[in-house]
There are 2 protein chains.
Amino acid sequence: MPKETFFNLPEEKRQHFLEIALAEFASHDYANASISRIVAQAGIAKGSFYQYFADKAELYRYLLELGAQQKAQFLATPPPEADMDIFAYLAWLAQAGVQFELAHPQLSQIGYRAVKSGDVPSELMQQARASAYTFFAQLVAQGKTQGSIDAQIDEELAAFIFHTIITELGGYLLSRVEENAADRLADGRSFFDSPAADLFNQTIHILQFGMGAR
Amino acid sequence: MPKETFFNLPEEKRQHFLEIALAEFASHDYANASISRIVAQAGIAKGSFYQYFADKAELYRYLLELGAQQKAQFLATPPPEADMDIFAYLAWLAQAGVQFELAHPQLSQIGYRAVKSGDVPSELMQQARASAYTFFAQLVAQGKTQGSIDAQIDEELAAFIFHTIITELGGYLLSRVEENAADRLADGRSFFDSPAADLFNQTIHILQFGMGAR
DNA sequence: CCCTGATGTGACTGGTCAGTCATATGACCT
DNA sequence: AGGTCATATGACTGACCAGTCACATCAGGG
C-alpha cells in the first residue's frame with residue numbers, strides 16, 4: 001500500500017502519475033519496468049517517488065490491486081442469478097472479460113503478464129490463481145447437479161479448460177476484429193452485434209456440447 | 001548462428017556450456033538472463049563468449065533453434081498416417097508434447113516463455129506462431145471433410161482452441177501428477193498408464209464431442 | 001627456436017538501474 | 001520574523017549489465 005503522502009497528493013497529480021506508471025508496467029514486465037523512466041515522464045523527482053512508495057514492488061502491487069478492483073467491479077455489475085445455466089453464466093463471464101479488456105487494456109495487460117510468465121511468484125499471485133481455479137471448479141460442480149455437465153468429467157480438469165479458454169479467448173477475438181475495436185467500446189452492448197459474437201457463441205457451444213451428458 | 005570457434009570447441013566443453021546457458025535462459029527471461037552469470041558458471045572468460053557468439057541475442061536464437069529441432073524430432077517419430085481421425089492425431093500430438101516437456105523441461109520452458117509474454121517479438125516468433133495456427137487450421141479443415149468436425153464451426157477459431165489447449169494442457173497435467181514425473185520419464189509408453197492419461201483422454205473427448213457434427 | 005594465426009582472458013567502458021540522503025522549499029502557526 | 005513540520009529534489013552510491021580490446025597463451029610449421 002502506498003504511503004500517506006501519495007494520497008495527500010492533489011487528485012490530478014496522483015492520477016497523472018498512475019496513468020504513466022500504468023503505461024510503463026503495461027509495456028514492460030516487472031523486471032524491465034523502470035522507476036527512473038516513470039518519474040522522468042511524470043515530471044517528479046526520483047526522491048519524491050520514494051516518498052510515495054516504499055519501493056518498486058509496492059507500486060506494482062498497488063497497480064495489480066487497482067486492476068483487481070476494477071475487474072471485480074466489472075464482474076459484479078449484473079449479479080449472477082442463482083441457478084442460471086452455467087454455460088450461460090460462463091458466456092456472460094467471458095463477455096465481461098472482453099469488455100474489461102476493451103475498457104482497460106493496460107490493466108488487462110499487466111494482469112495477464114502477472115499470471116503468465118512466472119513474474120511475481122509471490123504467494124499473493126499463487127493464491128489468486130488457486131482461487132480462480134476453485135471458483136471454476138465450483139461452477140463445474142454446479143453444472144453437474146444441473147445436469148448440464150457429464151458427471152464423469154473431472155471437475156478440476158473442466159475448471160482448467162474453462163479457465164484457460166476464458167483467459168485466452170478475449171485476446172484472440174480482439175486480435176481477429178482489431179480494426180473497429182474503438183467503435184464497439186463506445187457502446188457496451190454493441191459487442192454482441194460485432195462479428196466476434198458468433199465466434200464467441202461457437203466457443204461456448206463447443207464447451208457445452210463437449211461437456212454435456214453423453 | 002554461433003561462430004565457427006564455437007563448433008571448434010571440444011565436444012564436452014561445448015555441451016557443458018550449452019547446459020549452463022540452457023539453465024540460465026530457462027530460469028530467467030531474455031532480459032534477465034545474464035551472460036556474465038553464464039560465463040562465470042561455465043568457467044570461461046567473458047571475452048571467450050564473444051568469440052563464440054556475436055551477442056546475447058545470437059545465443060538465445062541458437063537455443064530456441066535447438067529446442068525447435070528437438071521438438072520437431074519428437075513430433076516426427078511416428079509419421080502421421082494420412083487419413084487418421086484428426087482427434088486421434090490431436091491426442092497423439094498432445095501426448096508427444098507432454099513427452100517432450102518431460103524429456104526437455106528447460107527447452108520447454110524457454111519455448112513457452114518465447115511464445116507467451118511478448119519477449120522476442122522478432123518476425124521469427126510471429127512467423128512460428130502463425131505457422132502453428134495454420135497447421136491447426138488445416139487439421140480442422142481435414143476434420144470437416146472427414147465429417148468429424150461440424151462444417152459450421154469457424155476453422156480459425158477451432159484452430160485457436162486446439163492450439164490453446166495443446167499448449168497449456170501438458171503443463172497442467174504435469175502439475176497435477178508432479179510427484180512421480182521422473183518415473184514416467186523412464187519409459188515413454190508408461191505415460192498412458194499414469195493417472196494423467198484419463199484426464200488427457202477426457203480433454204480430447206470434450207473437444208471431439210464439442211466440435212462434432214450436431 | 002621463433003614466427004604466425006587462432007584462441008583465451010579479464011579489466012575496462014559506458015550504460016541503466018533501484019534506492020538514499022543532505023539539502024531546499026513551502027505552508028502554517030506563533 | 002522565527003520556528004516547525006511535511007514534502008520536494010536530484011546528485012550520488014553501489015550494483016549489475018552487455019559488449020570491447022589490448023594483451024597473453026598456445027599450437028604447429030618452418
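Quick caveat, the model's predicted, so the values are computed rather than measured. Chain letters run A, B, ... following the sequence lines, proteins first, then strands; residues in each count from 1.
Taking 4.0 angstrom as the limit, Asn8(A) places none of its side-chain polar atoms (N or O) nearer than this to OP1 or OP2 of dA6(D). A sub-4.0 Å separation between OP1 or OP2 of dT20(D) and a side-chain N or O of Tyr50(B) is absent. Dashed line: the shortest gap from a side-chain N or O of Thr5(B) to OP1 or OP2 of dA6(C) is not under 4.0 Å. Close to dT7(D), at under 4.0 Å from its OP1 or OP2, lies no side-chain N or O of Ser48(A).
When the P atom of dA18(C) is taken as reference, atom OH of Tyr60(A) falls 14 Å away, rounded to whole Å. Rounded to whole angstrom, the span from the CZ atom of Phe7(A) across to the P atom of dT7(D) amounts to 13 Å. Between the NZ atom of Lys3(B) and the P atom of dA6(C) there is a distance of 13 Å, rounded to whole Å. Rounded to whole angstrom, the span from the CD1 atom of Ile38(B) across to the C1' atom of dC17(D) amounts to 13 Å. Per the geometry, CZ belonging to Phe53(A) stands 14 Å off P belonging to dT7(D), to the nearest Å. What separates CG of Leu59(A) from P of dG19(C) is a distance of 11 Å, to the nearest Å. Rounded to an integer number of Å, the gap from CZ of Phe49(A) to C1' of dT7(D) is 16 Å. Atom CD1 of Ile35(B) and atom C1' of dT20(D) are 15 Å apart (whole Å).
When only modelled atom types and interatomic distance are considered, Gln138(B) and Tyr133(B) share no side-chain donor-acceptor pair under 3.5 Å.
Taking each heavy atom of Glu101(A) and Ser108(A) in turn, the nearest pair found is CA-OG, 3.3 Å.
Aromatic ring pairs are classed by plane angle as parallel below 30°, tilted from 30° to 60° and perpendicular above 60°; the pair Phe135(B) and Tyr89(B) is perpendicular. The aromatic rings of His104(A) and Phe100(A) lie tilted to each other, with the angle between the two planes from 30° to 60°. Between Tyr62(B) and Phe6(B), the ring planes lie perpendicular to each other; the angle is over 60°, past the 30° to 60° tilted range. Ring orientation note: the planes of Tyr30(A) and Tyr60(A) are tilted relative to one another, at an angle of 30° to 60°.
Heavy atoms of Ser34(B) sit under 4.0 angstrom from primed sugar atoms or phosphate atoms, though from no base atom. Residue-level contact check: Leu9(A) touches the backbone only, with heavy atoms under 4.0 Å from sugar-phosphate atoms and none from bases. Using a 4.0 Å heavy-atom cutoff across all strands shown, Ala33(A) reaches sugar-phosphate atoms only and no base atom. Residue Ala57(A) is out of contact with every strand shown, counting any heavy-atom pair closer than 4.0 Å. Residue-level contact check: Tyr52(A) touches the backbone only, with heavy atoms under 4.0 Å from sugar-phosphate atoms and none from bases.
Which of dG19(D), dG19(C), dC17(C) sits closest to the side chain of Arg37(A) comes down to dC17(C). When distances are taken from the side chain of Lys56(A) to each of dG19(C), dA18(D), dG10(C), the shortest belongs to dG19(C). When each of dC17(D), dG10(D), dG8(C) is scored by its nearest atom to the side-chain atoms of Gln51(B), the top-ranked nucleotide is dG8(C).
Mapping Ile44(B) and Gly47(A) onto DNA chain C by nearest heavy atom places Ile44(B) at the nucleotide closer to the 5' end.
Residue side chain Lys46(A) does not reach the base of dA11(D) through any donor-acceptor N/O pair under 3.5 Å, judged by distance alone.
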